[in-house]
**Q** 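What follows is a single structure, and I will ask about it in a moment.
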Amino acid sequence: MKLIFERSQAGRRASTLPRHDLPVPEVPRELRRAQPPRLPELSEPELVRHFSALAARTFGIDTGFYPLGSCTMKHNPRVNERVVNLPGFRDLHPLQEADGAQGALELMWRLQEILVEISGLHACSLQPAAGSQGELTGLMLMRAYFADRAEERDTVITADTAHGTNPASVTMAGYKLRKVGTDARGNLDLDDLRAKVDERTAGLMLTNPSTLGLFDERIEEVAAIFHDAGALLYYDGANLNAVCGISRPGDMGFDIVHINLHKTFSQPHGGGGPGGGPIVVRETLAPFLPVPAVVRDGERFRLDFDRPKSIGKVRGYTGPFGVFVRSYAYIRSYGPALRQMSEVAVLNANYLLARLRGAYEVPFDRLCMHEFVVSARNLKRAHGVTALDVAKRLMDYGFHPPTIYFPLIVPEALMIEPTETEAKETLDAFAEAMLEIARDAAERRDLLKEAPHGRVVKRLDEVKAARRAIVRYGFERHPDLSQEPSEPRALEVQKGA
Amino acid sequence: MKLIFERSQAGRRASTLPRHDLPVPEVPRELRRAQPPRLPELSEPELVRHFSALAARTFGIDTGFYPLGSCTMKHNPRVNERVVNLPGFRDLHPLQEADGAQGALELMWRLQEILVEISGLHACSLQPAAGSQGELTGLMLMRAYFADRAEERDTVITADTAHGTNPASVTMAGYKLRKVGTDARGNLDLDDLRAKVDERTAGLMLTNPSTLGLFDERIEEVAAIFHDAGALLYYDGANLNAVCGISRPGDMGFDIVHINLHKTFSQPHGGGGPGGGPIVVRETLAPFLPVPAVVRDGERFRLDFDRPKSIGKVRGYTGPFGVFVRSYAYIRSYGPALRQMSEVAVLNANYLLARLRGAYEVPFDRLCMHEFVVSARNLKRAHGVTALDVAKRLMDYGFHPPTIYFPLIVPEALMIEPTETEAKETLDAFAEAMLEIARDAAERRDLLKEAPHGRVVKRLDEVKAARRAIVRYGFERHPDLSQEPSEPRALEVQKGA
Amino acid sequence: MSQLSLTDRDREAMLAAVGVSSVEELFKDIPERVRFDRQLDLEPALSEPELVAHLAELAARNVDTGKELSFLGAGMYDHYVPAVVDAVLSRGEFLTAYTPYQPELSQGILQAIFEYQTAICELTGMDVSNASGYDGATVAADACFVAKHATSGSKIVLCEAVNPQVRQVVKTYAPGFELEVVEVPHRDGVTDPGEVAAASRDAAAVIFQQPNFLGCLEPAPELAAAANEAGALPVAHVDPLSLGVLEAPGNYGCALAIGEGQGAGNSISYGGPHYGFIAARSDLIRRMPGRIVGETTDVDGERGYVLTLQTREQHIRREKATSNITTNQTLLALGGLVYLCWLGPQGLREIGETCLSLAAYAKERLGLPPAFERPTFKEFAVRLDRPAREVIARAREVGVHPGYALGRDYEGMDDALLVCVTEKRTPAEIDRLAEVLAA
Amino acid sequence: MSQLSLTDRDREAMLAAVGVSSVEELFKDIPERVRFDRQLDLEPALSEPELVAHLAELAARNVDTGKELSFLGAGMYDHYVPAVVDAVLSRGEFLTAYTPYQPELSQGILQAIFEYQTAICELTGMDVSNASGYDGATVAADACFVAKHATSGSKIVLCEAVNPQVRQVVKTYAPGFELEVVEVPHRDGVTDPGEVAAASRDAAAVIFQQPNFLGCLEPAPELAAAANEAGALPVAHVDPLSLGVLEAPGNYGCALAIGEGQGAGNSISYGGPHYGFIAARSDLIRRMPGRIVGETTDVDGERGYVLTLQTREQHIRREKATSNITTNQTLLALGGLVYLCWLGPQGLREIGETCLSLAAYAKERLGLPPAFERPTFKEFAVRLDRPAREVIARAREVGVHPGYALGRDYEGMDDALLVCVTEKRTPAEIDRLAEVLAA
Ligand SMILES: Cc1ncc(COP(=O)(O)O)c(C=O)c1O
Ligand SMILES: Cc1ncc(COP(=O)(O)O)c(C=O)c1O
């Protein structure tokens with residue numbers, strides 16, 4: 001399909017703007033724009049058709065089952081879209097005086113209280129823009145905390161199952177990274193861990209349940225090891241959907257938690273975002289939280305900038321407010337029954353795992369939490385069919401593939417997270433498809449290798465994309481890649497999470 | 001795909017409702033519902049997926065070119081959807097006291113003034129719900145007018161090119177129908193007309209430009225014939241999109257006009273509606289207009305029920321207000337330049353006609369107005385390819401077919417209305433497709449006969465549908481029609497307009 | 001213009017292709033004297049931001065249900081419209097499609113209409129429903145037209161306790177149908193079956209409303225029986241949201257069930273657009289007005305849906321059609337379908353029970369003399385010590401709209417106030433109403 | 001629960017299939033002592049109508065730009081967001097999709113991101129843009145990280161006239177990057193290229209803002225030149241809506257162009273979510289943070305789009321990644337794309353000119369002493385005879401928000417008011433402001 005730039009015709013436009021016959025002051029020549037940007041020129045009808053066509057070529061949760069592991073692709077209640085668009089929220093300026101923002105401040109304060117209760121900790125900042133930034137903020141808190149105590153600690157430990165953001169955040173925070181292994185049951189390897197924790201250790205970053213979808217059975221010992229060494233524990237909350245009302249990070253021994261509002265608390269994922277990554281901490285870390293803090297004085301709410309020990313700001317203003325409105329509404333619609341959300345998420349995952357066991361390898365065969373990881377290694381060994389092939393073939397059944405090739409310690413990994421909002425019929429249909437694919441790996445290998453079928457494109461050449469690096473339209477000088485040789489080289493690397 | 005009733009599972013629900021622990025009064029047994037209705041039971045996620053899937057199987061203007069003759073399928077500006085949803089409009093009760101509805105009353109009053117100016121007449125009622133009801137209302141006005149003058153007139157004349165609603169409205173209004181023919185240039189046949197107009201004639205119903213897309217060149221003589229006979233002229237405004245600011249019905253000699261707001265003034269067609277059919281009349285007919293009238297007293301606006309000669313109400317309250325908001329906004333976005341809208345509509349139609357001339361027969365070969373009618377008779381004679389086949393084949397090119405088999409006086413009619421919002425590229429692509437289809441009629445007949453291809457269904461058996469008359473889901477007793485023999489019998493009858 | 005897509009270059013190329021030298025020339029078939037020679041006298045064009053500002057200013061001068069605590073019903077109801085309804089109706093494909101004449105491109109909307117027909121039939125206990133009528137008033141006129149042809153009757157019996165909006169529309173249409181309209185008064189809030197029986201001799205139809213406009217529950221089964229005995233079609237005008245707790249017309253002998261759909265899935269929108277529903281017994285199927293979708297199959301036996309029984313319709317049957325309706329209310333009816341699916345049978349019952357219990361609470365809290373000693377649903381009438389319109393005016397000054405002044409439509413009821421309580425009202429809000437009316 | 005789809009029957013069948021007798025049992029791997037043994041202490045669940053009522057009540061306690069005549073800008077702008085943006089962003093497919101890891105199912109959003117990257121590059125005169133950063137502040141930190149690796153510099157030169165929100169974020173991130181931050185003060189509203197040159201010795205980057213936070217137009221080309229001479233990367237923080245009238249950073253030697261996208265297609269929403277954009281010269285492409293979409297083909301030579309250059313990213317490169325960003329702001333960036341396409345080059349110029357002319361009109365009508373004698377764009381600072389915060393408080397009492405108190409961030413400027421005039425303001429509204437400030 002054409003790019004919107006290829007639909008452009010000089011002289012067309014969709015916008016109408018107010019004009020006044022007032023003089024337009026001259027912009028100093030050296031600062032004035034010489035050549036206008038080549039933005040596309042279309043009428044509104046064409047604009048609407050173009051984006052309607054793009055939407056029709058996009059697969060969302062509304063389109064079908066989307067078990068992308070570690071991303072918690074649950075249904076997004078439509079009422080949240082309604083409330084976030086209330087003018088009192090949508091059109092409120094972040095620099096409005098406090099007396100003109102009491103409703104917004106109260107909503108944020110209430111959300112903080114809720115997240116504190118759910119995580120079992122003590123103080124919350126809603127500011128981080130997403131989980132990754134929550135991680136980085138958490139690590140900055142560690143720095144500030146130890147600096148304040150004049151302790152020199154330069155290392156942070158992550159699991160070999162960790163999401164890529166954990167090590168990346170460690171680096172960005174200026175820490176050295178140490179990796180710890182996973183034991184036979186999928187828990188952290190405690191011996192390895194003991195060997196790596198010392199007085200230079202600032203802390204641990206851990207996802208629990210882990211990216212294997214398993215709850216660490218010895219989390220208490222893990223916590224003890226770090227606390228005994230005077231280090232802190234950071235909880236990567238990406239998997240919180242498994243344990244709301246069931247087990248609280250604070251009770252597990254974690255000192256700092258980030259929560260992915262767009263996962264557990266249903267922010268529409270929007271093709272990649274936005275998200276929200278509030279962090280919740282123990283009292284001891286509260287003084288270091290970002291400014292401004294949202295505080296309550298009796299009946300009034302205000303922003304408190306007077307936090308001398310604060311790490312500062314990690315994002316503009318007080319965070320992605322619209323995301324807070326949706327997640328607050330989402331949680332209020334459950335109330336104390338929020339636990340049910342996690343219960344069903346875990347039940348759905350275990351049911352699907354039970355149905356797939358046998359056809360796919362289960363590297364760590366335990367009850368899973370809200371998601372689980374199986375391996376297509378058996379299919380690869382026997383028929384040369386990879387996790388990628390399984391993923392592509394699933395599209396032919398109308399499903400979005402799960403996360404693949406992650407976590408890294410599981411070869412040919414398929415990481416499946418159904419979420420609680422899916423019906424049993426859907427889980428059954430997906431299971432049937434997975435089982436049929438496993439059978440077809442033997443009998444109809446090409447069908448899998450050539451999948452997907454009947455989509456707008458076949459497998460795309462990712463190697464060519466990276467080599468040529470065509471990352472913007474080039475107008476008259478835009479290359480014609482169809483003239484360059486190509487193979488269907490979809491890379492067997494992490495896709496998802 | 002499954003019906004929503006087939007997705008239902010006892011115990012599921014999408015709704016949450018306020019509950020109070022208050023006693024629920026008993027409903028007298030004989031009035032109490034015995035068996036609950038079998039409404040479907042689904043969670044919100046399933047509900048959203050079901051309707052998203054139905055939307056994906058629906059073709060709208062947003063999907064592509066929709067040249068459905070006589071329906072004016074122009075782009076619907078999105079700003080109109082924004083303003084109609086302003087709480088002050090959306091949540092306003094029609095029985096609200098006038099002092100609490102000044103904004104709504106002013107908007108209606110302003111729209112009346114605008115429609116009066118555009119039609120060249122004197123008084124307006126916005127009440128009718130659509131064009132058809134506007135027609136019926138207009139005929140009721142004729143009755144009331146002649147009754148008031150104690151004249152006995154029982155006949156209304158319509159053209160043989162008239163839309164089906166015209167004769168149907170005549171009957172519903174209690175009038176006898178007389179049809180008048182069309183002459184060689186596509187104008188009303190004046191001799192035939194003179195022969196049929198007499199002292200029993202209440203009036204004429206005419207569309208001008210006609211459903212042939214032609215402006216009646218002798219409209220003045222037509223008007224004279226009726227006025228000389230003391231009869232009235234009714235203007236079916238379905239084709240007003242051709243003449244806004246170019247020629248006004250009142251100036252043509254018409255006494256009563258209905259305007260299809262959903263056509264000329266861009267109300268989204270919503271899969272069949274809603275619409276709006278305001279009527280505008282000469283002074284002499286004003287006293288008979290429906291109640292209430294929206295009137296202005298200095299700076300205030302109010303509803304006037306004190307209209308002793310009024311025909312009464314034709315619809316609840318003051319009409320489809322939301323439609324008024326959209327059309328008012330639409331007209332205000334053009335202002336006096338509204339004429340451009342019609343100019344481009346007519347230019348687009350003439351350009352497309354010019355491109356098709358030769359490949360298809362042009363029964364009345366003149367400059368057309370906003371739409372035109374060609375015939376596939378040549379293809380039928382030569383290759384047995386019908387207008388229906390051409391229509392179905394157009395779907396393979398991603399276009400919605402034009403109106404077919406209407407007007408009735410043109411065999412194998414294709415009635416094409418591009419509207420002003422289409423780009424030249426789109427008209428060219430459509431013309432190319434039409435020309436290719438004409439060529440393929442000779443060389444690849446089956447391709448046309450079997451069209452459409454790759455849609456969710458092939459041609460459907462309309463005969464079976466009518467014979468079996470399965471018009472609701474029957475639950476456990478629902479028949480399986482696939483077991484009954486079927487032919488692809490799409491009927492060659494009017495489709496569109 | 002943001003809506004037009006032609007560039008100047010396009011224009012020239014196209015004029016050339018047409019073979020004219022100017023746009024003017026395209027209009028040469030229009031006789032000189034009927035050409036409009038000046039510019040339309042309309043206010044200057046508004047840019048999109050200005051347009052929104054202008055309409056926001058107009059909207060701000062209305063007092064909507066969000067600005068006032070409202071107990072006003074009387075035919076249009078402040079029921080909650082769920083967010084999924086907006087989400088579905090704003091899908092561009094539904095919004096911008098028209099009547100599905102070409103089924104292969106329109107299975108989505110066709111199936112939705114078929115589902116709507118089914119939902120309406122289930123709700124009303126009927127066999128067939130059309131794809132929608134204009135509103136709750138015009139469907140009553142449609143019912144008269146059906147009855148005129150289905151019976152030998154020459155008149156319509158119209159109960160006085162039917163919504164005056166509906167009665168006025170029936171009276172406007174009836175002369176064209178050559179039907180006489182006879183009204184039967186209410187007796188202490190409800191209609192007397194005996195009087196209906198008496199009035200029904202050679203009537204084509206009897207139209208009553210349940211719950212009626214005065215808020216009272218009619219002896220609906222007896223009214224239907226009276227009509228049936230006289231050979232007239234019993235037509236029940238029902239509140240869709242009452243049908244979880246009140247019996248369906250199809251289950252007490254009605255030939256037709258009609259009603260206003262607004263409360264079930266549409267915002268009030270100052271009276272429209274909404275959908276009117278009309279459903280009937282199977283024997284009347286070929287007399288039904290408007291669009292009907294039916295099930296069929298394609299050559300491969302694949303299930304599909306099409307517009308059917310079109311020989312009833314104006315575009316095929318012309319002057320012999322069962323109605324002249326063309327453009328209808330499909331989008332609003334779709335809203336109704338989504339709403340009913342959102343509710344489900346459980347929600348429908350709950351909403352009915354909540355209305356019943358809140359209304360009962362309100363009766364008790366207000367402690368005002370009831371206008372009628374009858375069971376009610378979500379509306380009830382009380383007597384005041386002053387003209388209702390005065391009371392309404394006073395209450396509105398403090399932000400409460402207490403209801404509808406029945407004196408607007410009924411002789412001698414100037415002191416009667418019709419109070420409506422939907423599931424959106426809370427006990428606290430009802431307490432507030434009581435307080436205001438007591439003042 | 002309206003979100004959950006399991007019936008009791010489903011539940012039992014599933015537990016059986018799993019081989020456990022209760023839901024409890026599913027959690028047996030969780031050590032006793034860390035299990036949560038009580039119910040969450042949260043307020044009772046709200047039904048959908050109650051939820052909407054509750055949030056409407058909270059929203060009503062905010063004074064939004066519709067309730068007050070607002071001249072408040074300072075980084076977040078009350079520009080008009082066209083209806084097409086809402087129409088596109090509310091499409092369920094865009095709303096509910098995530099990062100397009102599987103291109104065959106996601107060509108729509110991938111192409112949209114590619115188009116967004118192109119639009120941002122055109123706007124800024126750059127070669128490469130990512131799919132979005134969190135906001136206009138974090139992209140500045142991203143730029144520092146890029147500069148740290150692209151140069152041998154050890155510090156960041158930050159102009160004091162840059163938005164304080166941005167400066168604070170840079171200062172929070174810098175220590176982790178082992179970068180020192182040096183601030184260069186403004187001189188009468190603008191930055192002195194000489195001081196920048198002096199400060200830039202072994203700097204990794206120089207960050208300035210155009211127009212700057214004080215509303216003044218910086219000598220941007222000279223600032224960029226000063227940085228380039230010192231071997232530091234010039235980073236321009238620009239207002240996208242100024243780029244129809246102000247030169248693009250790519251055209252005066254900048255290495256990176258960053259900015260806050262809110263004004264271009266997002267509602268203000270109390271500060272987020274919005275999108276931050278970051279675009280760079282081609283030589284920096286492999287150091288860019290976040291998602292980037294590239295063009296390629298399938299086996300048949302069919303054009304298609306994929307996430308590319310992923311060896312920069314955390315999920316492949318882990319601790320060596322150019323950033324940790326994962327979830328980003330795609331939906332908001334899509335809003336930006338739709339907005340820029342709605343504007344087109346013509347609209348972009350017009351909106352810039354309208355801002356320029358209205359701001360000039362405002363300066364003149366207010367007749368207050370300018371804080372700085374400099375050319376400006378849509379914002380300008382004036383001096384008052386009282387503390388700005390007092391003036392703001394007084395003006396808000398009569399429904400006018402006159403602007404931002406620069407004393408919040410700048411020493412000795414308590415009497416300075418930063419006034420913002422967007423295309424939504426009218427001359428009449430500006431007259432009203434003048435009147436209020438004169439009072
Ligand atoms: C386990 C885990 N940690 C961290 C992240 C990063 O969170 P975000 O995408 O909100 O930045 C994700 C998701 O992307 C994740 O799955
Ligand atoms: C020529 C003509 N007249 C009348 C009508 C009836 O108008 P409506 O569909 O608004 O009832 C139509 C369109 O359906 C039409 O095309």
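These values consider heavy atoms only, across backbone and side chains, with no hydrogens, waters or symmetry-generated copies.
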**Q** Of the backbone (N, CA, C, O) and the side chain (C-beta and beyond), which part of V457(A) lies under 4.5 Å from a heavy atom of chain D, both, or neither?
**A** both

**Q** If the threshold is 4.0 Å, N to carboxylate O, is there a salt bridge linking R468(A) and E295(D)?
**A**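 Between E295(D) and R468(A) there is no salt bridge, as every charged N stays at least 4.0 Å from the carboxylate O atoms.
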
**Q** Determine the option with the most heavy-atom pairs under 4.5 angstrom with chain D, choosing from E484(A), R366(A), H20(A).
**A**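 Max contact count across the listed options: H20(A).
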
**Q** Distance alone, cut at 3.5 Å: any donor-acceptor contact between the side chains of Q102(D) and K392(A)?
**A**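 Their side chains do contain a donor-acceptor pair, which is all the 3.5 Å distance test asks for.
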
**Q** Does any backbone or side-chain atom of E44(A) lie under 4.5 Å from a heavy atom of chain D? Answer side chain, backbone, both or neither.
**A** side chain

**Q** How close do G335(A) and L42(D) get, heavy atom to heavy atom, and via which atoms?
**A** O-CD1, 3.7 Å

**Q** Could you go through the salt bridge (charged side-chain N to carboxylate O under 4.0 Å, His left out) check for K458(A) and E302(D) one step at a time?
**A** CA-CA 8 Å; K458(A) 297 185 176 165; E302(D) 194 57 50; over 6 Å; no

**Q** By a 4.5 Å heavy-atom criterion (distance strictly below it), what part of T172(D) contacts chain A: side chain, backbone, both, or neither?
**A**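 For T172(D), backbone and side chain are both near chain A.
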
**Q** Measuring heavy-atom distances to chain A, does L46(D) have an atom under 4.5 Å in its side chain, in its backbone, in both, or in neither?
**A**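 For L46(D), the contact with chain A is made by backbone and side chain together.
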
**Q** If I measure from the heavy atoms of chain D, does A391(A) come under 4.5 Å with its side chain, its backbone, both, or neither?
**A**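 Interface part for A391(A): side chain.
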
**Q** In terms of side-chain heavy atoms, does S5(D) have a donor or acceptor partner in K424(A) at a distance below 3.5 Å?
**A** no

**Q** Is there a donor in the side chain of Q96(A) and an acceptor in the side chain of E68(D), or the other way round, less than 3.5 Å apart?
**A**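 Indeed, the side chains of Q96(A) and E68(D) share at least one donor-acceptor pair under 3.5 Å.
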
**Q** Between H262(A) and chain D, which part of the residue has a heavy atom less than 4.5 Å away: side chain, backbone, both or neither?
**A** side chain

**Q** Checking heavy atoms, do the side chain of V471(A), its backbone, both or neither come under 4.5 Å from chain D?
**A**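 Both backbone and side chain.
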
**Q** Measure A87(D) against the heavy atoms of chain A and call it side chain, backbone, both or neither at under 4.5 Å.
**A**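 For A87(D), there is no contact with chain A at all, as no heavy atom is under 4.5 Å.
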
**Q** Distance only, no hydrogens: is a donor on one side chain within 3.5 Å (strictly under) of an acceptor on the other, for T326(D) and S132(A)?
**A** yes

**Q** Heavy-atom distance under 4.5 Å to chain D: side chain of Y473(A), backbone, both or neither?
**A** both

**Q** Please classify the contact between L95(A) and chain D as side chain, backbone, both or neither, with a heavy-atom cut-off of under 4.5 Å.
**A**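 For L95(A), backbone and side chain are both near chain D.
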
**Q** Could you tell me which non-hydrogen atom of T297(D) sits nearest to which non-hydrogen atom of L460(A), and how far apart they are?
**A**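 That closest heavy-atom pairing would be C-CD2, 3.6 Å.
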
**Q** Among side-chain atoms of T165(A) and N324(D), is any donor-acceptor pair under 3.5 angstrom?
**A** no

**Q** Is it the backbone or the side chain of T318(A) that comes under 4.5 Å from a heavy atom of chain D, or both, or neither?
**A** side chain

**Q** Could you look at E106(A) and say if it's the side chain, the backbone, both or neither that has a heavy atom under 4.5 Å from chain D?
**A** side chain

**Q** Below 4.0 angstrom, N of the basic side chain to O of the carboxylate: do E220(A) and R33(D) qualify?
**A** yes

**Q** Closest heavy-atom contact between R315(A) and V169(D)?
**A**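 Scanning both residues, the minimum pair turns out to be N-CG2, 3.5 Å.
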
**Q** Any Lys/Arg nitrogen of R57(A) or E93(D) sitting under 4.0 Å from an Asp/Glu carboxylate oxygen of the other?
**A** no

**Q** Checking heavy atoms, do the side chain of L177(A), its backbone, both or neither come under 4.5 Å from chain D?
**A** side chain

**Q** Can you tell me which portion of I331(A) sits under 4.5 Å from chain D's heavy atoms? Options are side chain, backbone, both or neither.
**A** side chain

**Q** Heavy-atom distances under 4.5 Å only: say whether P23(A) touches chain D with side chain, backbone, both or neither.
**A**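 Interface part for P23(A): backbone (N, CA, C, O).
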
**Q** At their closest point, which heavy atom of G301(D) faces which heavy atom of S482(A), and how far apart are they?
**A**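 Smallest interatomic distance, heavy atoms only, reads O-CB, 3.2 Å.
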
**Q** Non-hydrogen atoms of chain D under 4.5 Å away: do they reach the side chain of M73(A), the backbone, both or neither?
**A**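 Contact with chain D: side chain only.
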
**Q** Can you name the closest pair of heavy atoms from P31(D) and I219(A) and give their distance?
**A**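 Heavy atoms of P31(D) and I219(A) come nearest at CG-CG2, 4.3 Å.
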
**Q** Quick check on the interface: out of D300(D), L332(D), V128(D), who has the most heavy-atom pairs with chain A under 4.5 Å?
**A** D300(D)

**Q** Please classify the contact of L338(A) with chain D as side chain, backbone, both or neither, using a heavy-atom distance under 4.5 Å.
**A** side chain

**Q** Are E423(D) and R19(A) close enough for a salt bridge, meaning some N to O gap below 4.0 Å?
**A** no

